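Data block below; observations after.
Remember, it's 1-based here, ligands and their atoms both numbered in the order they're listed. Counting begins at 1 with the first residue of the sequence. Everything numeric in this text was worked out from a predicted model, so none of it was measured.
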Amino acid sequence: MRFWIAATLIFIIASLTVCAIKANRSKKAIRKAVALLVCSTMPPVMGNLIIICSRDKLYSQIGYYIYFLGMDIFMYAIFRFTFEYCHITKHAVKSKRIVLFFMMLDFIQYIVNIFTGHVFDTRLIEADGADYYQLVPYLGQTFHRILDYGILAIVLIIFIVKTIRSPKIYAERYLVILITMVVVSAWETYYIFSRTPVDSSMIGFGVYGILVFYFSLYYRPLRLLDSMLASIASGLPEALYFFDMNRTCIWTNVLGEYLLDLKGNNLESAKEKIRTMFGDCPWESDEWNARKKVESEDGNKYYYLEKHGVFNETGKRVGSYIRVRDVTEEQEVLEKEKYNATHDSLTDIYTKKFLFETFAEMLKENPNIDYYVIYSNINDFKIVNDIFGNQFGDYVLKYIAGMIQAEMEGKGIAGRLVGDTFGMCIPVDKFNEADIVRELTHFTVTDGDIEHYVLMHLGVYRVIDRTLDVSYMFDRARIALSTIKDDYHTYIAYFDSEMREKVLWEQKITTQLSGALTEGQIVPFLQPIVDAEKKVVGAEALVRWNHSEEGFLAPYKFIPVFEKNGMIADIDRYMWRRACELLYQWNKAGIDMFISINISPKDFYFMDVGIEIRNIVKEFGINQERLRIEITETVMMSEQDNIMNILNDFRRDGFIVEMDDFGSGYSSLNMLKDMPIDLIKIDMAFLRKSENSDKAEIILKNIVRLSSELGLIALTEGVETEEQYQLLAGLGCSLFQGYHFAKPMPVEEFEDKYIKRRE
Ligand code: C2E
Ligand code: MG
Ligand code: MG
């Protein structure tokens with residue numbers, strides 16, 4: 001018996017040595033406390049080994065000393081270990097010092113015992129048929145035991161408290177140590193009180209050292225790890241499903257359970273349920289993702305699914321997992337953004353851009369469907385805003401947009417083009433003119449007390465050229481709309497072959513203009529201007545296009561086209577140049593005639609008219625008085641400060657500024673006093689129409705009189721008869737222009753007739 005105990009103890013000492021070395025090499029923070037604890041278990045075990053093996057009192061006693069002194073070191077070590085293992089920082093240093101102090105005291109009393117013998121002595125007995133020196137404890141030994149049990153009690157209490165207080169998953173790491181400690185202490189206690197000669201409890205003591213070493217340095221509480229991972233996964237904002245090698249679901253988190261309604265943890269059904277819920281996905285393969293829409297009672301839901309394989313270290317597939325994230329909110333934000341980008345913020349129908357894009361797609365996707373493109377415009381919408389205010393104006397727009405949308409529902413698409421214009425695209429066979437006219441062209445909008453009769457006109461273009469840009473299609477519909485003159489009986493106009501011809505012709509001349517300019521097809525014609533004695537004093541330069549196919553084109557044919565696209569600036573710049581060239585040559589020949597040039601109101605948008613004309617005049621060194629500047633009343637009525645400034649500057653620099661076509665438009669006599677002009681050209685045309693020639697005469701007389709009173713030169717244009725001339729001359733008009741004197745003519749002809757002859 002003694003032999004086997006001794007052999008076991010030797011084995012334990014060897015094991016403890018290995019543990020101590022390993023603990024020392026460990027990287028964990030607690031390693032020092034563990035190494036000290038393991039080392040301190042060795043002396044008591046060794047002491048007992050000596051006691052068991054010795055047949056001699058002296059050796060026995062040495063054994064007892066090593067045992068008890070070692071026990072003191074052990075008690076300090078276990079105390080220190082407990083504090084660190086249980087993470088107690090409060091009073092840690094102080095407590096350890098107190099324990100160390102008592103242990104030292106005990107240590108000293110054992111040393112003193114050699115002389116006083118007050119702690120223990122040994123007595124020879126027989127055990128297992130051999131001599132054995134048994135312990136005879138005295139008072140000092142009781143002190144020793146009180147100390148040891150005291151410390152042990154504290155340590156146990158700490159572990160018990162920790163075990164109870166910690167969350168369940170943590171309790172395990174305290175509980176294992178607590179249990180070994182209780183077992184070993186009980187064993188030791190049994191030995192002490194039963195007075196069994198040979199102390200076998202040391203085996204447990206040694207094992208305790210080894211267990212502490214293992215639990216504190218190597219043991220990974222798997223349950224803790226498991227539940228930690230599981231709780232992290234459960235808290236994730238996505239559903240997780242883990243599948244084993246056979247694609248059976250083995251685990252899911254709370255969200256996963258909820259999503260598939262896996263009540264009672266019926267994981268087997270997960271696989272089928274997930275497939276039914278999300279439909280078509282490459283379920284059998286690993287590594288894929290998909291965005292899925294799921295219709296549910298509380299609206300559509302969107303999910304992002306991701307599947308990944310799980311592989312072990314050798315690369316063998318051991319399972320897989322699927323993550324399912326609810327991306328409904330994301331999707332909604334995305335859709336909202338898309339909606340805002342494609343819908344008009346006021347009327348909630350498509351924006352112009354999106355309408356055009358969508359229609360372009362529709363044309364491509366339905367090559368066999370014929371479409372109408374409709375351009376609609378509210379008559380005098382500006383008045384609605386002016387009279388009833390913008391709020392009602394907005395209300396009208398929303399109301400109309402709603403009507404258009406309802407009319408197009410299931411048939412075509414509609415959008416707001418700009419301001420009060422709306423666009424529609426509808427298949428020809430779904431378009432019912434009578435319905436549309438009844439619904440959309442004249443109706444009353446009422447908002448509270450305000451009631452307004454709305455009149456809407458529609459221009460319709462049937463898409464024949466499908467390659468045409470959608471914006472051009474709407475241009476054509478707009479052109480059709482612009483032909484509606486009779487505001488009250490015609491609501492709808494179709495883009496017809498005549499308009500089509502016109503558009504094509506406009507496109508043609510637009511592409512031809514720059515060539516025409518360089519090739520000299522654009523030429524000035526001159527119409528003489530005479531004084532009261534019928535002497536030619538100057539001329540108006542009037543543009544003609546000597547077109548290669550169409551012969552001479554009159555300005556009314558092409559000027560409006562180029563005023564629309566801004567190319568009028570090129571024509572005028574050219575004409576001004578040509579006028580200056582002529583003036584330069586005439587000046588050299590000693591001819592003092594002037595030339596009037598026409599300036600389009602649009603020129604002011606496309607160039608700096610002031611700089612442009614001054615530069616040409618400077619280039620040819622022309623006297624400013626010779627170049628007269630004709631502007632129309634539309635320019636005058638624009639009331640733009642910068643245009644007024646330009647005209648004032650012209651006058652200040654010595655140019656003569658003329659108002660063309662006075663009386664043909666809206667100009668009033670009252671305007672004359674504020675205008676920065678030197679001359680008015682009274683257009684006979686407006687008088688020619690009049691039946692009542694007496695009244696016409698009175699008007700003419702007054703205009704002429706008023707202009708002379710205002711210090712303006714009066715010129716009458718469109719003079720066709722001698723009587724007209726006589727009348728006007730009699731009224732005091734000083735300059736005349738008209739077919740009666742001469743029609744506009746080529747420059748050479750003019751020079752032949754009026755310059756060379758004079759020479
Ligand atoms: P406008 O400046 O008022 O020019 C006078 C127009 O009246 C000319 O037409 C002329 O041929 C015509 N006319 C002259 N005397 C008579 C007459 O006794 N009876 C009738 N029935 N007509 C007469 P035209 O040359 O066809 O020019 C038309 C308009 O085109 C011009 O009106 C002017 O506004 C514009 N225009 C002509 N040339 C140019 C140009 O170079 N630049 C710009 N921007 N506009 C031009
Ligand atoms: Mg003119
Ligand atoms: Mg005129």
With ring-ring contact (aromatic ring centres under 6.0 Å, His included) as the rule and sequence neighbours excluded, what pairs involving residues 697-717 come up?
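Those involving residues 697-717 do not exist here.
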
ring-ring contact (aromatic ring centres under 6.0 Å, His included) contacts in which one or both residues fall within residues 463-484, not counting sequence neighbours
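Every ring-ring contact (aromatic ring centres under 6.0 Å, His included) pair that includes a residue of residues 463-484, provided the two are not neighbours, is F356-F474.
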
With backbone taken as N, CA, C and O and side chain as the heavy atoms from C-beta onward, which portion of [X] lies under 4.0 Å from ligand 1: side chain, backbone, both, or neither?
| X | result |
| --- | --- |
| T632 | neither |
| D603 | neither |
| K743 | neither |
| E630 | side chain |
| E540 | side chain |
| K681 | neither |

Within the 6.0 Å centroid threshold, strictly below: F422 and Y375:
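Centroid separation for F422 and Y375: 6.0 Å or greater.
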
Between the side chains of E619 and R614, is the shortest nitrogen-to-carboxylate-oxygen separation below 4.0 Å, so that they form an ion pair?
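Salt bridge absent between R614 and E619.
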
Presence of salt bridge, E697 and K701, under 4.0 angstrom
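Salt bridge between K701 and E697, a charged N being under 4.0 Å from a carboxylate O: no.
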
So is [X] close enough to ligand 1, meaning a heavy atom under 4.0 angstrom away?
| X | answer |
| --- | --- |
| R544 | yes |
| G718 | yes |
| E717 | yes |
| M684 | no |

Looking at non-hydrogen atoms alone, which of [options] comes nearest to [atom]?
| atom | options | answer |
| --- | --- | --- |
| atom 23 (C) of ligand 1 | F562, Y739, F558 | Y739 |
| atom 26 (O) of ligand 1 | S596, P528, P555 | P555 |
| atom 45 (N) of ligand 1 | D572, I559, L553 | I559 |

Give the atoms of ligand 1, by number and element, whose distance to some non-hydrogen atom of [X] is under 4.0 Å.
| X | answer |
| --- | --- |
| D661 | 3 (O) |
| Q527 | 10 (C), 14 (C), 15 (N) |
| P744 | 11 (O) |
| M575 | 41 (O) |
| V719 | 18 (O) |

When you measure from the side chain of Q724 to the backbone of T721, do you find a donor-acceptor pair of N or O atoms at a distance under 3.5 Å?
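Such a contact is found between Q724 side chain and T721 backbone.
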
Side chains of [X] and [Y]: closer than 4.5 Å at any heavy-atom pair?
| X | Y | answer |
| --- | --- | --- |
| M473 | C425 | no |
| F662 | K681 | no |
| E658 | D678 | no |
| I426 | I374 | yes |
| R416 | T351 | no |
| E540 | R628 | no |

From F495, F431, Y461, residue fulfilling ring pair (Phe, Tyr, Trp, His ring centres under 6.0 Å) relative to Y372
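Running ring pair (Phe, Tyr, Trp, His ring centres under 6.0 Å) over F495, F431, Y461 with Y372 returns exactly one hit, F431.
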
K564 NZ: over 12 foreign heavy atoms closer than 6.0 Å:
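Atom NZ in K564 is packed in, count exceeds 12.
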
Could you tell me the separation between the CG atom of L417 and the CG atom of L355, rounded to the nearest 0.5 Å?
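CG of L355 is found 6.5 Å from CG of L417.
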
Is it the case that ligand 1 has an N or O less than 3.5 angstrom from some N or O of [X]?
| X | answer |
| --- | --- |
| V543 | yes |
| Q737 | no |
| N598 | yes |

Name each donor-acceptor pair under 3.5 Å that joins a side chain in residues 512-522 to protein atoms two or more places apart or in another chain, with its distance.
{"unit_1": "Q512", "atom_1": "OE1", "unit_2": "H547", "atom_2": "NE2", "d": "2.7"}
{"unit_1": "T518", "atom_1": "OG1", "unit_2": "S514", "atom_2": "O", "d": "3.3"}
{"unit_1": "T518", "atom_1": "OG1", "unit_2": "G515", "atom_2": "O", "d": "2.9"}
{"unit_1": "E519", "atom_1": "OE1", "unit_2": "Q521", "atom_2": "NE2", "d": "3.2"}
{"unit_1": "Q521", "atom_1": "OE1", "unit_2": "W545", "atom_2": "NE1", "d": "2.8"}

Counting only protein N/O/S, how many atoms fall short of 2.8 Å from the Mg ion (ligand 3)?
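Those protein atoms number 4 in total.
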
